[in-house]
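Below is one structure; the comments refer to it alone.
Nothing here was measured: the structure is a model prediction, and the numbers come from that model. In what follows, every chain begins at residue 1, and chains take the letters A, B, ... in the order their sequences are listed.
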Amino acid sequence: MDLLSNLNEVQREIVQDTEGKLLVLAGAGSGKTRVLTHRVAYLVAEKGVWGSSVLAITFTNKATAEMRERLDVLLGPDHGVWISTIHSLAARILRRFGEHIGYDSNFSIYDESDSARMISKVITEAQIDDNRIKEALKEHIGKAKNEGMSPEEYFYEINGLVNDAELIVKLYARYEELLKHNNAMDFDDLLHKLKKLLMTSDECLSYYQNKFRYIHVDEFQDTNKVQYEIIKMLAAKWGNLFVVGDDDQSIYGWRGARVENILNFDKEFKDAKVHKLLENYRSTEEILNTANNVIQNNKARHEKKLFTNRGKGLKVEYYNAWNDRNEAEWVVGKIESLIFYNGYRKKDFAILVRANSLTRIFEQMLQTSRLSYRVVGGYKFFDRKEIQDVLAYMRAVANARDNVAIERIINFPARGIGDATIDKLGVYSYEMQVSTLNVLLSLNDHAGRLPKGIAKKVEVFADLMKDLYLNKGMPVDKFMQYVVEKVGFEQAYLSTKKEEDITRWENVQQLINYAKEYSAKNPGASLEDFLETVSLEESGKDEDPTSRDKITIATMHSVKGLEFRVVFIVGCEEEIFPSSQALKAGELEEERRIMYVAITRAQERLYISNAQRRFRFGKVQDCLQSRFVQEAKGENENAYKLFGERKAYLDGLGKRPSYLDDEPASSRIRESQATRARAVVPQPKVVKPVAKDLTGYVGGAKVKHPNYGEGTILVVLGEGANATATIAFPGLGVKKFIIALAPLTLIK
DNA sequence: AGACTGTGATTTTTT
DNA sequence: ATCACAGTCT
């Protein structure tokens, strides 16, 4: 049979095992997506299951696109299978049934920046002038929603653990109220409210339960609590739930992903069948071994030994660069030589970074070498101010209650309308119990209450909005052009003669092109449809990776699921990778999984590098090689010790570790740097990480942290250098630290 | 209301 | 280095 012929035995078995609950533990590069798509295709083509009763949930838009593409090949384009991210699934269901829980179907979706505006507003409104609370509040709200907790429920969760629990919950509740008032949902809400809807409305629940007879979840290790609950509810009727994932690739813990979902799946469902995909089809043995060297340092994982038939392959190369520029030169030099002598193409290469801020130097270096590249992740086109502004005009008329959108544009382009006036309009809106847009649309009734001059200005804006409102039924691309023209974006940007503004205008035009493409592809799509696509699938808009021959520069997170013949893992320095916040929070294992994901992207050649000095935060800084480098080399049992010695040496304490002798000549230059620095700069006090006395760090002890202040240890886990402490900081929440490394001091 | 100035944080990752 | 934000001046 055609469908099964290009699968291995295990894969074939999984594909044919169609009924009931199935957990597939799929190692990196083991053909996970292949199994998933073939299984769906098998259901439809061989089992005669109707495509529209099959649901496949993926984690990113990229994965959605890839899966749809592959399925189109296997089944032809009209298979009707519902493939989407869980967020857009939620949005679709909520548009249809949202009124059951009090939402209009045209609700706005607030992205990170909209939501940040709202949070600021809530804080200002409560007259709190503590700068630190914004971040904390954001974190709390996200956490509460990811756990699926209402303000009340969340209060019980944190009460007693966090000092300002009451305040935080009050602000969370107010934030919710405002969202509701604006007929808007943030990203987390899409899930949170979907759960609520499914629990409230039998009609909605049974509709989708009946519809989806077979449910598939990709990247299951990345699901959070609410997502899992939603999936379980949807699958409750037919019980056909197929989940695939790899606990070693769980790298979204910071967003509430719970590895336990995958670790406990077979315990939760006793009848679940478990399959393992252990054959790696992607990488050579050398690369796979490197990956294994790293990941085996993690404690919380399913032990799995991947194998490959790709042969031994080439040794992994390491480079300890003298500075960031030198590192980039090395990378580009390697690329040039591989292209010239070994016949590689540009699209075969990926340069992987931990954080977006590291990409710049590689971009520069590739530009000077005339090598074309693309940057994945990073600042998104749709996050640009000018794009958000155009969209805000469209949003404001699509959802009349979207006050965040109105406030965003009421004074752009500048119309002389300030905060005071906006507040007044808010008051009228409250008095009349109508939306701010409605206040504007019927401004005549209120204009008398505003100062004369201001009233004139507001009227101009009101007339504009009225005009746009009356024309919102146009085809999406036409409407956008109409908006841009009426608002006068071109005038606003081109009159200043500033380089930056010209670019902005070009971006607006690009947005119009995007809208044209969209309209052509989706004739008859409504304004709401368009806005939803933009807010949930904006990154899917990127050109597809294989079409152009370009080098890829990307964050390690954004290449999950992809593969490249040659991979460079750069910027392997402490505080960068592992990141400083991960170190602070004691989330080393997740960082290590990120390293694992990065390594396993490579098919043939892998290069790992670090720079000893790097330009960061406006100045050149000394950097310490990441402990992951030692782990990758297979010296993992010594990694912590070496790391400690090396840090002491660079800090001007301790003697030169002998293993440094094996490193390239550049490190000797570095040594003279260290010596010089030592001579000139008075030494700051340094705590030797390995020598720290750990006694006294027990549950109940009070400790002090330079950034978080005083806190109480809740529990200590592990021993020695690995011991972690979970500490409650009043008002800031609970954090985890590695005691030996964290800057903690005991207080009596 | 808007322009100007100084300060302080910022750099983790994504829907 | 760069940017956002708060505070002050015009």
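Ranked by how close their nearest DNA chain B nucleotide is to the 5' end, A/Asp188 and A/Glu591 are led by A/Glu591.
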List every contact pair, protein side and nucleotides 1-8 of chain B side both N or O, where the distance is under 3.5 Å.
{"unit_1": "B/dA1", "atom_1": "OP1", "unit_2": "A/Gly418", "atom_2": "N", "d": "2.6"}
{"unit_1": "B/dG2", "atom_1": "OP1", "unit_2": "A/Gly416", "atom_2": "N", "d": "3.0"}
{"unit_1": "B/dG2", "atom_1": "OP2", "unit_2": "A/Asn411", "atom_2": "ND2", "d": "3.1"}

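No hydrogens or angles considered: a donor-acceptor pair under 3.5 Å links the side chains of A/Gln625 and A/Asn610. A donor atom on one side chain and an acceptor atom on the other are not found under 3.5 Å apart for A/Asp529 and A/Asn522.
You cannot call A/Phe617 stacked on the base of B/dT10; the centres under 5.5 Å and planes under 30° rule is not satisfied.
For the side-chain contact (heavy atoms from CB on, under 4.5 Å) with A/Leu358, the lone residue among A/Leu352, A/Thr555, A/Ile553, A/Val353 that qualifies is A/Val353.
Taking 3.5 Å as the limit, the base of B/dT13 and the side chain of A/Arg354 contain a donor-acceptor pair of atoms between them.
Distance, A/Asn356 CG to B/dT13 P: 4 Å, rounded to whole Å. Note: CG (A/Asn224) to C1' (B/dT14) measures 12 Å, nearest angstrom. Residue A/His557 contributes atom NE2, which lies 15 Å from atom P of B/dT11 at whole-angstrom precision. Rounded to an integer number of Å, the gap from CD of A/Gln621 to C1' of C/dA1 is 12 Å.
A salt bridge does not link A/Asp622 to A/Arg614: none of the charged side-chain nitrogens sits closer than 4.0 Å to a carboxylate oxygen.
Below 30°, between 30° and 60°, or above 60°: for A/Phe530 and A/Tyr518 the angle between ring planes is above 60°, a perpendicular geometry.
The environment of NZ in A/Lys456 is sparse: at most 12 heavy-atom neighbours from other residues, nucleotides or ligands sit within 6.0 Å.
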